[in-house]
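Structure, as C-alpha cells:
Basis for what follows: all heavy atoms, side chains included, without hydrogens, waters or symmetry-related copies. The sequence lines fix the lettering, A, B, ..., with proteins before strands; numbering per chain opens at 1.
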Number of protein chains: 2
Amino acid sequence: MTRVLVVDDEPQIVRALVINLKARKYEVDAAADGAQALELAAARHPDVVVLDLGLPDMDGVEVIKGLRGWTRVPILVLSARHSSDEKVEALDAGADDYVTKPFGMDELLARLRAAVRRAEPAAGAGGDEVVVETEDFTVDLAAKKAVREGRDVRLTPTEWHLLEVLVRNGGKLVSQKQLLQEVWGPSYGTETNYLRVYMAQLRRKLEADPSHPRHFITEPGMGYRFER
Amino acid sequence: MTRVLVVDDEPQIVRALVINLKARKYEVDAAADGAQALELAAARHPDVVVLDLGLPDMDGVEVIKGLRGWTRVPILVLSARHSSDEKVEALDAGADDYVTKPFGMDELLARLRAAVRRAEPAAGAGGDEVVVETEDFTVDLAAKKAVREGRDVRLTPTEWHLLEVLVRNGGKLVSQKQLLQEVWGPSYGTETNYLRVYMAQLRRKLEADPSHPRHFITEPGMGYRFER
DNA sequence: CGGCGGCGTCAAGGGTGCGTCAGGGATGGC
DNA sequence: GCCATCCCTGACGCACCCTTGACGCCGCCG
C-alpha cells in the first residue's frame with residue numbers, strides 16, 4: 001500500500017486530503033508543522049509527501065531541503081502563493097511538483113499518482129543489493145528469478161516469499177515466528193511444520209546437496225539463516 | 001548536455017522555447033506535430049519532452065501513450081486547456097507534469113529542471129531498447145509493429161499495451177496487479193481473467209507453439225514474464 | 001538407557017488459479 | 001444504417017499449490 005505524508009497547518013485541508021486519500025486506499029500520516037513533518041518522514045518513510053509551504057514554525061523550502069538531505073521521496077508542494085519566484089525556489093530546492101490553492105482534488109490525485117509512478121523503479125534500487133550470488137545459485141529479487149547451473153528454477157509464491165525474507169536478512173538469524181508472520185500473515189506464529197516443509201522445498205530446488213545445506217541453515221529451536 | 005524535444009504547432013511558442021533553452025545550454029529539437037514528435041523521439045533519444053496537447057494531426061494523449069510504450073523519458077505537457085479532466089487524463093497516460101498556457105518561462109524552466117533532475121539516475125541504466133528480437137518474432141516498440149515469419153502481426157490496442165509493459169520489463173516478473181493497473185487503469189487490480197484472455201491472444205499471435213509458450217511465461221500466483 | 005521434543009521427509013486431500021472457448025454488447029468506419 | 005472489430009464475461013476442465021498428517025531420525029536430558 002502506498003504511504004502518503006500530508007503536511008499542512010490548516011485542519012480542514014488536512015481533513016479533506018486524508019478522507020480522499022484513504023478512500024483510495026492510501027495509507028496516510030499527517031503533520032501540522034515542519035518539525036513534525038521531518039520527524040514523521042524519518043519514522044514512517046512515506047512513498048510521497050504533500051507539503052504546504054505556509055507552515056507556522058519554519059519555511060516550507062527548509063522542509064524540502066531537510067528531506068532532500070537524506071531521501072529522494074517525491075515531494076508535491078501545495079501553496080497559496082502564485083508567485084513565479086516561489087515556485088522556482090521550491091522546485092529548485094528539490095520539490096517534484098507545485099500546485100497552487102485552491103486546487104482540484106482530481107488534479108492533485110492525478111499528480112500524486114504521476115509522482116508515485118515514476119518513483120517506483122528507484123524504490124527497488126534504493127541502495128539494496130537486488131542480485132545475490134552464492135557458489136551454487138543466483139537470486140534476482142527484482143526480477144523474481146532464481147538460477148541454478150544456468151537454468152531457471154521455478155518457485156511457487158510461498159517459496160518465493162520465504163526466500164525473499166531470508167535473503168533480505170542475509171547472514172542474520174530470522175526467528176520462526178518472524179518468518180511465519182511475514183510469509184503467512186500476522187495471525188500465524190506457531191505452525192513450524194509449514195516452515196519445515198517449505199525450507200525442504202527451497203533446499204531441494206536450490207542447494208547442491210539438499211541433505212547437507214550450506215546456505216539455508218537451521219538454528220535448532222530458534223529459526224533459520226541464509227548464508228551466501 | 002541535456003537534450004530537449006519541443007513539440008508545438010505554434011511557431012512563436014517554439015521559437016520562444018528554443019531561444020530560452022539554447023541560452024541555457026540545452027540541446028533542442030523541435031517537432032510541429034505528433035507524428036514528427038514520435039519520429040524525432042525515437043531518432044534522437046531526448047532527455048526530456050515538452051509537449052503541447054493541441055496538435056494538428058493527433059491527440060496529445062496519444063503521443064504520450066506512444067512514447068510511454070518504449071521509453072520513460074520525462075514528459076512535460078503544455079496546454080491551453082485548464083480543465084481538470086484533461087490534466088488527469090494526460091497525467092494518467094504517463095505525463096510527468098502539466099503546465100497551462102500562458103505560462104511563465106521561469107516556472108517552466110524550473111519544472112523542466114525538476115523533471116530532468118529526478119530522471120538522472122535512471123538515465124544511466126539506459127534501458128531504452130526499442131527493437132526486441134526473439135527467435136520467433138520481432139517487436140518494434142517505437143513503430144508499434146510486430147513481425148513474425150516475415151509478416152506483420154495485427155494486434156489490438158489492448159494487446160499492444162499489454163505487450164509493451166511486458167517487453168519493457170523484459171526478463172523481469174511483472175505482477176498481475178501491476179499489469180492490470182498499467183493496461184486497464186489505476187482502479188483495476190483483481191480482474192485476473194482479463195489477463196488470462198489477453199495473454200492467450202498474445203501467445204496465439206506470437207508464439208511458435210501457443211500451447212507451450214517460450215516467451216510469455218506464467219508464474220502461477222504471481223504474474224507474467226517476457227523472455228526473449 | 002529410555003523418553004521426548006524438534007526437525008526432515010513423504011504422500012495424499014482439497015482448493016484455487018490458469019487456459020480455453022464461445023457469446024453478447026459496445027464502438028467506430030464505410 | 002450496416003458490418004466488422006474489439007472488449008468484457010461466464011463456464012468448464014485441468015494442473016498445480018497449499019495444507020495436513022504420519023513416520024523416522026537425531027540430539028538432549030533425565
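- In this structure, NZ of B:K205 is placed 11 Å from P of D:dT5, rounded to the nearest angstrom.
- Listed in residue order, the members of residues 157-166 of chain B having a heavy atom less than 4.0 Å from DNA chain D are B:P157, B:T158.
- At D:dC7, none of the side-chain N or O atoms of B:Y194 fall inside 4.0 Å of OP1 or OP2 (strictly under the cut-off).
- For A:W184 and D:dT19, the shortest distance from a side-chain N or O to OP1 or OP2 is below 4.0 Å.
- The side chain to side chain contact (heavy atoms under 4.5 Å, CB included) check on B:L38 picks up B:M58, B:V63, B:L67, with sequence neighbours excluded.
- Here B:R214 pairs with B:E135 under the salt bridge (Lys or Arg N to Asp or Glu O under 4.0 Å) rule; sequence neighbours left out.
- Computed from coordinates, the A:Q201 CD to C:dT9 P distance equals 10 Å when rounded to whole Å.
- A:L179 has its CG atom 12 Å from the P atom of C:dC7, to the nearest Å.
- Among residues two or more places apart in sequence or in another chain, the side-chain hydrogen bond (donor to acceptor under 3.5 Å, both in side chains) test is passed with B:S187 by none.
- For A:L155 and D:dC18, the CG to P distance is 10 Å, given to the nearest whole Å.
- No side-chain heavy atom of A:D96 sits under 4.5 Å from any side-chain heavy atom of B:D97.
- As a whole-Å value, the separation of A:L202 CG from C:dG8 P is 12 Å.
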Across nucleotides 15-30 of chain C, 5' to 3', mark each nucleotide with B, S or - according to how protein heavy atoms within less than 4.0 Å reach it.
--SBBBB---------

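- Applying the side chain to side chain contact (heavy atoms under 4.5 Å, CB included) rule to B:K101 yields the partners B:D8, B:E10, B:I13, B:D52, B:L78, B:F103; only residues at least two apart in sequence or on another chain are considered.
- The terminal axes of the helix from C:dC1-D:dG30 to C:dC30-D:dG1, fitted over 5 pairs per end, subtend an angle of 30° to the nearest 10°.
- Residues B:T138 and B:D140 form no side-chain contact, since every pair of their non-hydrogen atoms from C-beta on lies 4.5 Å or further apart.
- Rounding to whole angstrom units, OH of residue A:Y188 and P of D:dT20 are separated by 7 Å.
- Every residue meeting the side chain to side chain contact (heavy atoms under 4.5 Å, CB included) condition with B:T2, not counting sequence neighbours, appears here in chain and number order: B:Y26, B:D47, B:V116.
- Contacts of A:P186 classified as side chain to side chain contact (heavy atoms under 4.5 Å, CB included), with partners at least two apart in sequence or in another chain: none.
- Residue A:T156 places no side-chain N or O under 4.0 Å from the OP1 or OP2 atom of D:dC16.
- Within the structure, salt bridge (Lys or Arg N to Asp or Glu O under 4.0 Å) pairs that include any residue of residues 185-204 of chain B do not occur (at least two apart or interchain).
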Extract all donor-acceptor atom pairs below 3.5 Å that involve side chains of residues 143-152 of chain A and protein atoms in other chains or at least two apart in sequence.
{"unit_1": "A:K144", "atom_1": "NZ", "unit_2": "A:E164", "atom_2": "OE1", "d": "3.4"}
{"unit_1": "A:K145", "atom_1": "NZ", "unit_2": "B:E227", "atom_2": "OE2", "d": "2.7"}
{"unit_1": "A:R148", "atom_1": "NE", "unit_2": "A:L206", "atom_2": "O", "d": "3.4"}

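- Every residue two or more places apart in sequence or in another chain was checked for a salt bridge (Lys or Arg N to Asp or Glu O under 4.0 Å) with A:R154, and none qualifies.
- One interatomic measurement links the two molecules: CG of B:L180 to P of D:dC7, which rounds to 14 Å at whole-angstrom precision.
- Distance B:R154 CZ to D:dA4 C1': 10 Å, rounded to the nearest Å.
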